[in-house]
Number of protein chains: 2
Amino acid sequence: MEQTLEHARGGALAAALHRAGYKLTNPRLAVLYVLEGGMCHASPQEVYAAGCAVYPTLGLATVYRTLDILTELGLARPSYLGDAAQRFTLHHDHHHYHLVCDACGLITDVDEEALGSVTDEIAGRLGFRARGHYLEIYGVCQRCQSSN
Amino acid sequence: MEQTLEHARGGALAAALHRAGYKLTNPRLAVLYVLEGGMCHASPQEVYAAGCAVYPTLGLATVYRTLDILTELGLARPSYLGDAAQRFTLHHDHHHYHLVCDACGLITDVDEEALGSVTDEIAGRLGFRARGHYLEIYGVCQRCQSSN
DNA sequence: GTCCTAACTGAGAACTATTTTCAAGTAGGG
DNA sequence: CCCTACTTGAAAATAGTTCTCAGTTAGGAC
């Protein structure tokens, strides 16, 4: 268990937090570990549940606080994938976005460099300095189309 | 007042509700009137406040219920513009999206046909039947850039 | 290594937003 | 005009998020 937290300490998120002057505490490392471990569209509640497996005394308030810090540092961002729950998505260097199926709730990640240049161009034309974008396409996924 | 409600009755939203078998009651017409009157990025609370001006006994629960109906019919959609509040956006025929300023909260609507064809093409390639998309570009608007 | 202090923590209270419940009211087909 | 299923507003219930606070801890100074 301690080992997993130490592992998170070496990650990119931990480095960014440290650089910004935040302490690398075990609760925070547990949250970072969960996020970096592939739980990339997690609600605070889900992060909390997964984090407790790594660091049992983790508190829900700390999860919210850590996600706030990541948002403030521009490393994550709240997103809202179809359902009402607030979710957080880690930022990546590449442009990526979501296909959300209205029928089964499946979320598919897609990388598309082309889209990034389109949005950057539009923003630039309007004098807007873009920091990032969030795109969600909703509809019906391939599997749900065939099962109807 | 009654006149404004009658005006809403003639709108596209009212027609769609009627077609779907929903009754055109005064509370619903008040909500539709507010939405069609340009309050296009409104939170339920804001719709409620504006709706009360048109139909004073309007209840908040009815606003939520009406927005749910519109969402169910695909006429509106929850969106989340930077701040934490849930907001609803009316669907339009054209592709439109939002520039959200992180500094002042300004929301700028942009129409861009080019974007629609990009997203449709991508979705099609993946076998996904797109019903719509939601794009938000966040960053700093022109005015906030100069005032710093 | 140990001390120190500002930063951080968990638990639960408080707060806010949303949904549900229910008795009373109403649209609109017959 | 009547009837009935649908709709309503108010209040209670629920769910999600933030705040408060006394105790704990990271990590720089020595």
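Numbered from 1 within each chain, the chains take letters A, B, ... in sequence-line order.
- Under the rule for a side chain to side chain donor-acceptor pair (under 3.5 Å), the partners of Gln45(A) that lie at least two apart in sequence or sit in another chain are Tyr64(A).
- Computed from coordinates, the His18(A) NE2 to dC8(C) P distance equals 12 Å when rounded to whole Å.
- As a whole-Å value, the separation of Leu17(B) CG from dC6(D) P is 15 Å.
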Can you build the contact string for nucleotides 7-13 of chain D? Use B for base contact, S for sugar-phosphate-only contact, and - for no protein heavy atom under 4.0 Å.
SBBB---

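- In this structure, the side chain of Thr62(B) does not engage the main chain of Leu58(B) through any donor-acceptor pair within 3.5 Å.
- Atom CD of Gln142(A) has 12 or fewer heavy atoms from other residues, nucleotides or ligands within 6.0 Å.
- Atoms CG and CG, on Leu35(B) and Leu70(B) in that order, are 6.5 Å from each other to the nearest 0.5 Å.
- Formation of a donor-acceptor pair under 3.5 Å by the Arg9(A) side chain with backbone atoms of Ala14(A) is not found in this model.
- Contact between the side-chain N/O atoms of Gln45(B) and the OP1/OP2 oxygens of dT18(C) is found at a separation under 4.0 Å.
- Atom CZ of Arg19(A) is separated from atom P of dG27(D) by 15 Å (rounded to the nearest Å).
- Of all non-hydrogen atoms in Ala30(A) and Gly51(A), the two that sit nearest each other are CB-O, 4.3 Å.
- Between the OH atom of Tyr64(B) and the P atom of dT20(C) there is a distance of 13 Å, given to the nearest Å.
- Going from atom CG of Leu5(B) over to atom C1' of dA27(C) covers 14 Å, rounded to whole Å.
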